[in-house]
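Working notes, structure below.
FYI, side chains are in, hydrogens and waters are out, and symmetry mates aren't considered; it's all heavy atoms of this structure. The chain is numbered in sequence order, starting from 1.
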Amino acid sequence: MSRHEMRFAGRWRAPLPAGTMYAKLADIEHYPGWWPAFRSVRQTGEQECEVVIRSMLPYELTVRLRPLVQDPVERVLEAALEGDITGIVRWRVGDVGERGCVAFFTEHVSVTKAALRRWMPLARPFFHLNHAVSMRSGRRGVVVGVEPLGADGGVDARGVTGQ
């Protein structure tokens with residue numbers, strides 16, 4: 001892995017049916033309404049869009065997303081990223097019965113934004129922290145406005161478990 005590459009992985013557990021979680025993750029156009037790090041989404045083609053992302057650090061990433069896999073049966077989403085970062089992002093949503101679902105996330109990117117590339121050797125831990133904060137806010141937001149499964153689904157007061 002080069003010094004400009006980063007890998008991320010995680011999971012979101014939510015008291016939602018797996019199909020509902022898949023649908024929310026597939027609907028990128030509405031991310032800014034529930035995921036604070038997504039500042040804007042603009043359609044640039046039939047399937048492509050440009051997103052502007054900013055978490056806690058004072059920089060924005062502008063990225064074009066191009067779907068590679070959209071499989072509602074297997075509940076898998078994968079997209080190519082091009083712009084300030086390039087690479088691949090993938091979601092796989094699994095059903096955990098009465099407890100809801102779990103969405104697994106992987107991302108392998110290379111930083112291409114010149115200002116961030118200069119700081120990579122020193123700032124890598126801060127970039128990982130920034131990504132974690134972004135993902136945490138998305139995990140909280142994904143359940144907002146969606147009818148959860150039963151009240152005893154093993155969730156905390158925010159409506160989520162784990163990451």
Do other residues, nucleotides or ligands put more than 12 heavy atoms under 6.0 Å from the CZ atom of F104? yes
Does the side chain of Y59 pick up a donor-acceptor pair with the side chain of D84 at under 3.5 Å? no
Could you tell me which non-hydrogen atom of A14 sits nearest to which non-hydrogen atom of V143, and how far apart they are? CB-CG1, 3.8 Å
Min side-chain heavy-atom separation E50-V41 under 4.5 Å: no
Are the side chains of V51 and Y31 in contact, using a 4.5 Å heavy-atom criterion? no
Distance, nearest 0.5 Å, that separates OG of S134 from CG of L57: 11.0 Å
Nearest non-hydrogen partners of R139 and W12, listed with the distance: N-CZ2, 3.4 Å
Closer than 3.5 angstrom, by distance alone: can the side chain of Q43 be matched with the main-chain N or O of E48 as a donor-acceptor pair? yes
Output yes when a side-chain donor or acceptor of R117 lies under 3.5 Å from a complementary backbone atom of V111, and no otherwise. yes
With no hydrogens and no angle check, is any side-chain donor or acceptor of R42 less than 3.5 Å from a backbone partner on E29? no
Name the atoms and distances for all side-chain donor-acceptor pairs under 3.5 Å in residues 60-76, with sequence neighbours left out.
residue : atom : partner : partner atom : Å
D71     : OD1  : V73     : N            : 3.0
D71     : OD1  : E74     : N            : 3.0
R75     : NE   : V93     : O            : 3.2

With rounding to the nearest 0.5 Å, note down the distance linking SG in C101 to CG in L16. 5.0 Å
Would H128 and F8 count as a close aromatic pair, with their ring centres under 6.0 Å? yes
Could you tell me whether the side chain of T112 and the main chain of G83 form a donor-acceptor pair under 3.5 Å? yes
From E107 atom CD to W91 atom CH2, the distance as rounded to the nearest 0.5 Å: 9.5 Å
Please answer: with hydrophobic residues joined when any side-chain heavy atoms are less than 4.5 Å apart, are V133 and I85 in the same cluster? yes
Would you indicate whether the side-chain heavy atoms of H30 and W35 approach each other to under 4.5 Å? no
Heavy-atom closest contact (A115 atom, W119 atom, distance): O-CD1, 3.0 Å
I'd like to check R39 versus P32 (side-chain heavy atoms, cut-off strictly below 4.5 Å). Are they in contact? no
Nearest heavy atoms of F127 and M6, plus distance in Å: CB-CE, 3.6 Å
Is it the case that the ring center of H131 lies less than 6.0 angstrom away from the ring center of F105? yes
Approximate separation, where rounding is to 0.5 Å, of E78 CD and T106 OG1: 7.5 Å
